[in-house]
Amino acid sequence: MPEGHTIHRLAADLGERFGGRPVRASSPQGRFAAGAARVDGRTLSGADAHGKHLFLGFPGSGDPADGDWIHIHLGLYGGFTQGAGPPPAPVGQIRLRLATEEAPRVYADLRGPSTCELITDEGRRAVGERLGPDPLRADADPGRAWARISRSRTTIAALLMDQKVVAGVGNVYRAEVLFRHNIDPYRPGKDLARAEWDAVWADLVELMREGVRNNRIDTVRPEHTPEAMNRPPRVDDHGGEVYVYRRAGMPCHLCGERVRTAPLAARNLFWCPACQKG
DNA sequence: TCCTTATGTACAA
DNA sequence: TGTACCTAAGGAC
């Protein structure tokens, strides 16, 4: 599930449901038992996201061991299950369970994260300093990303996946935004024009905001939807309507050329060789 | 029931 | 570049 939009949506949902309330925290699986015990019963001040990193605020006592934040990264397959009412008996490996004891009762179970740790304000700043601008954050400066991209011989497809360059973009948004701007994924960053980058950034802001709203990734323009083009809708576990992501070998919605795939930056890249030249 | 794959990243060599 | 992390879902059998 997790690109940046998922994390921002989680921050909004968790903040709304648990924010300002005392929260019971536990680690049924045990791997976060010490951390959960430290925050258990404390009030969640709020939830925030930067790129794919989620921060749950539990203002500390000043003792660094108490922490100020739970820092969560879902990795490739981590995820939350949220529900209302008393939490059910734990099934499987629940790293972190949050629950309220007063009405309205809600709970959230975290499974399979690559990171779930207690950190201080300073630790949180350090995480933020390793990340590039996040299209979903109001404080983001796309010029910082441009400074990296415009000097780099690395392909734009690899740069978009580098969280130090842009935070929050993952394999789906990478493939889709490059398609939408007719950019060859193998083009070196330094060969992009500033206007192209500005357009890509503006598009990411819009696409990812919609991703937060809908809790899924849709990237096809209105004139290319299944209804508009009289084609069957995509049925895939990641949910949304896309141009090229995981469509290898299938015809491009725009030109009919077969969508190609190749490994790049440790992930499978997808693109249309006819639409994405230059 | 087993095998593969996945919206991610850190680390070793 | 390869491997480990460690979860769930889908497809092959």
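So that the names make sense, note that chain A is the first sequence line, chain B the second, and so on, each numbered from 1.
Separation of the P atoms belonging to B:dT4 and C:dT3 is 15 Å when rounded to the nearest angstrom. Comparing C:dA8 with B:dA10, their P atoms sit 23 Å apart, to the nearest whole Å.
Closest to the side chain of A:Ser114, from the set C:dC6, B:dG8, C:dT7, is B:dG8. Taking only side-chain atoms of A:Tyr245, from C-beta outward, the nucleotide of B:dG8, C:dC6, B:dA6 with the closest atom is B:dA6. Checked against C:dT7, C:dC6, B:dG8, the side chain of A:Met161 finds its nearest nucleotide in B:dG8. Closest approach to the A:Glu3 side chain among C:dA8, B:dG8, C:dC6 is made by B:dG8 (side chain taken as heavy atoms from C-beta onward).
Under the ring-ring contact (aromatic ring centres under 6.0 Å, His included) rule, A:Tyr245 has a single partner from A:Tyr173, A:Phe270, A:Phe179, which is A:Phe270.
A straight line from CZ of A:Arg95 to C1' of C:dC5 spans 10 Å, rounded to a whole angstrom. Between A:Gln93 atom CD and C:dC5 atom C1' there is a gap of 13 Å when expressed in whole angstrom units. In this structure, CG of A:Leu76 is placed 17 Å from P of C:dT3, rounded to the nearest angstrom. With rounding to whole Å, A:Leu74 atom CG is found 10 Å from B:dG8 atom C1'. What separates CD1 of A:Ile94 from P of C:dC6 is a distance of 16 Å, to the nearest Å. Rounded to whole Å, atom P of C:dT7 lies 17 Å from atom NE2 of A:His73. Between A:Arg216 atom CZ and B:dA6 atom P there is a gap of 20 Å when expressed in whole angstrom units. In this structure, A:His50 atom NE2 and B:dT9 atom P are separated by 12 Å, rounded to whole Å.
The shortest distance between the side-chain N/O atoms of A:Gln29 and the OP1/OP2 oxygens of C:dC6 is not below 4.0 Å. Here A:Asn268 does not reach the OP1 or OP2 of B:dT5: none of its side-chain N or O atoms lies under 4.0 Å away. The phosphate of C:dA8 (OP1 or OP2) has a side-chain N or O of A:Arg111 nearer than 4.0 angstrom. At the phosphate of B:dT9, OP1 or OP2 sits under 4.0 Å from a side-chain N or O atom of A:Gln163.
Below 30°, between 30° and 60°, or above 60°: for A:His53 and A:Phe55 the angle between ring planes is below 30°, a parallel geometry.
Contact check on A:Asp66 versus A:Arg38 returns a salt bridge, with a Lys/Arg side-chain nitrogen under 4.0 Å from an Asp/Glu carboxylate oxygen. Looking at A:Arg124 and A:Asp68, no side-chain N of the basic residue comes within less than 4.0 Å of a carboxylate O on the acidic one, giving no salt bridge.
Within the 3.5 Å criterion, the main-chain N or O of A:Ile149 finds no donor-acceptor partner in the side chain of A:Ser152.
Residue A:Glu176 is out of contact with every strand shown, counting any heavy-atom pair closer than 4.0 Å.
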